[in-house]
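Each remark here refers to the structure printed beneath this line.
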Amino acid sequence: MLYMGGQLLMIGGSPFYAIMAIGLLITAVALFKNKKIALTIYAILMWIVLAWMIFEVGFDKWQWIPRGDLIGLIGVWLALPWVVRPLSKAQNPANPAKFHPFLGTTVIIMIAIVIGLMFYDPYPKEGNITNQRAPAETDVAGNDWAAYGGTNNGARFSNLKQITTDNVSNLEVAWTYHTGDLRDAKDASEYTFEATPLKVNNSIYFCTPHNEVHALNPETGALKWKYEPTKDRSYLQQHQTCRGVSYYEAPEAAATNAVQPAAEANSPAVCRKRIFNAANDAKLLALDADTGKLCADFGNNGVVDLRANMGEIRPHALMQTAAPLVAGNLVIVGGSVMDNGFNAGNPSGVIRAYDVITGRLVWNFDPANPENTQPIAAGQTYPQDTPVAWATLSADIKNGLVYVPFGNASPDELGIERDANSNTEKFRDTLVALDLKTGQFKWRFQSSKHDLWDRDNPSQPSLVDIDYQGKKQPVVILPTKTGNLFVLNRLTGEAVYPINQVDVSTKGIAGEKYSPTQPVSALNFLPDPINEKSMWGLTPFDQMACRIDFKSLRYDGNPWTPATEGGSIIFPGNIGVFNWGSVTVDPQRQILIASPVRLAYKYNLIKRTPETATQRLFTKDGTPYWNENFDGDYAIHIQQLSSSLGIPCIAPPWGRMVGVDLKTGKTEWLRRVGTTKNLKTSFLPGRFPIGFPMGMVAHGGPLTTAGDLVFHGATADNFFRAYDTSTGKLLWETELPAGGQATPSTYMGADNKQYVVIAAGGHGSLGTKEGDAVVAYRLK
């Protein structure tokens, strides 16, 4: 304690641990000399520690743990009769005391305080959203769940209301289906089952991490058909996942398309009902929704090769992880690339729209050449190293617009070689509205300037009409990794909720061109700045280690701290506050529900030299870095700011849920989500068995329904839960067979019962339990 407390003191940290150590040493010396005064000294130390805890963190019981657990346990031990009696015997041999009044009373009081704190949590914000339900002007999901976000507006809302706040506690498992698609040693470490099942055409459709597509009976979970491609197992894949498939149904007589030539438009389709799957081997597949067979008239016997016109592509450098967008008679895809592997030569981030029947390229929007949306010629190549849009897109069919959430271009954390005046730079981290039929540019909004932190726009935008400040407006809501929720007029791109430009630091590595300002929305969940007091742990020792780490690293008190060679704290880190799970919006009540994450990361830049330009870099334990950026100025090492026990250094909650009244932009309620049960740790051989409700990381999205319910899996404890939309009150929970890092969906079965379904297969990077289950629930 004294050694680590002294280290912390020497770098400008809190002196308290050194003071505490001195108190412990004095107590130890007195005990060694068999002096009863040792117990008095220790009681005084306990009161000092209590006062310090209240001064630093108030009455947050979770933050009391590292400050008081060890001191409290020692106090309980010293207050026991077999310790007190021998010490008092020296002063009163005839009648030695078994109870020390000062220490014993102190321990009793401390225990009472701790018991009282078990029933108190200062963090949640209680509230009640009273907005009345009214018809929505945007499409909402009903008996079916026909698109990744329910509909193309990405609201993740259903107007079904058979399951309500009154009866949700009666949910039971209707069926469980196992895909059989499990990870083996050859697969990527980030192997994740994140699919949102569709329910349409009287079938359930979803994809697995190896891009199998399964079709099930909605009421029983029985397999109807399965499409199983050849598995490409490789640990070199950066993201081995498939988040969803898409559905198209042509008119009865023929498959027609207003943007096709007349002869092509009148030709009948081989598959009138189609499932589209964009695979992680950069292929777009069209399957017959009734049989699972490839649609022979689409592309090359059912397959469009998305590597076309991309030039040279390194292995696993181009992939698809999101569900394609089917809008009108087009299927539209972005793409994902391997981040930070190479400084140059990364695949283009072009957005491509294909005819749903033939697979013919109808238009392409290339960030490097935004004016030219005519299909590229066969022998031409899209420019490389442009921003990519790896999330699912959204579409406003009525107004003929498609919304593309562009992210960064690799390398994500370095901008020394970027041209500030190029189109590529203008489209980084930018929401773009395009004409649905032609791909022509309409407007853009940049959510992060000169991104050096991997601040991709990761979420499907949500389209809704809101009565903000008494004025009805059609908006698009863009969740971001920083925690901003930008609310823009979806026809013009103008801000509906105010946006401020805040000043940030421009001092970092030589040659970098830092933006002096960054945008902050009036509606945001940017985490509060952290400080040394924010550091956490299970004991004083790992908390001190985190405090030492904090004081040793650069942190500017905002999300835009520059990465440095000496190491910087980036909070939030590249997992973001919001990620691919996005948010859910009840458009009938104009309520937004989100599950923002709080995690800090360490970014270390590693200078590349001519001698090390193409060499692999390794950690001290021999593990290779992933973000190597070969032939670049710097490689980068990114790791969570955590203790040696693998526990986040920042105090919980790490996962939250919030309810926002979109009419006012006010956050009406906030709560922790998730418990410590099933947590994988380095200090236990198995998983943590007790569910302390600290608030766990949630990777996956929520679902809302007209039954005033929020359904949410995603947390690192393998649980699936239902909350009251109005208040955030937890109403129901059940443990899944594996991690539920996926967004659920809901539908009405042919038996006139409402079902809620979620994929439960775990997440390799989060360390949740792996599996292959899809589980459906209905009322008893």
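- Under the 30°/60° scheme for interplanar angles, the aromatic rings of Trp580 and His699 are found to stand perpendicular.
- At a cut-off of 3.5 Å, with distance as the only test, no side-chain donor of Trp669 or Asn128 sits close to an acceptor on the other residue.
- Residues Gln754 and Thr746 have side chains that bring a donor and an acceptor to within less than 3.5 angstrom of each other.
- Using modelled atom types, one finds a donor on one side chain and an acceptor on the other under 3.5 Å when comparing His214 with Tyr177.
- In this model, no donor atom of one side chain and acceptor atom of the other lie less than 3.5 Å apart for Arg183 and Gln240.
- Classified by interplanar angle (parallel below 30°, tilted 30° to 60°, perpendicular above 60°), the ring pair Tyr205/Tyr247 is parallel.
- Under 3.5 Å, the side chains of Gln473 and Asp467 contain no donor-acceptor pair of N or O atoms.
- With 3.5 Å as the limit, one finds no donor-acceptor pair spanning the side chains of Gln590 and Asp661.
- A 4.5 Å side-chain heavy-atom check between Arg133 and Asp708 finds at least one atom pair inside the cut-off.
- Defined by atom type and a distance below 3.5 Å, a donor-acceptor pair is missing between the side-chain atoms of Asn201 and Ser203.
- Between Pro209 and Asp181 there is a side-chain heavy-atom pair separated by less than 4.5 Å.
- A donor and an acceptor atom, one from each side chain of Arg274 and Tyr248, are nowhere located under 3.5 Å apart.
- The six-membered or imidazole ring of Tyr777 lies away from that of Tyr755, with a centre-to-centre distance of 6.0 Å or more.
- If you look at Phe445 and Phe486, their ring centroids are closer than 6.0 Å.
- Remark: Arg490 engages Asp396, Asp465 in a salt bridge (charged side-chain N to carboxylate O under 4.0 Å, His left out) (not counting sequence neighbours).
- Residues Thr584 and Thr704 have side chains that bring a donor and an acceptor to within less than 3.5 angstrom of each other.
- When only modelled atom types and interatomic distance are considered, Thr768 and Gln741 share a side-chain donor-acceptor pair under 3.5 Å.
- By the 30° and 60° cut-offs, the orientation of the rings of Trp732 relative to Phe720 is perpendicular.
- A donor-acceptor contact closer than 3.5 angstrom links the side chains of Asn484 and Thr482.
- Thr192 and Arg243 share no side-chain donor-acceptor pair at under 3.5 Å.
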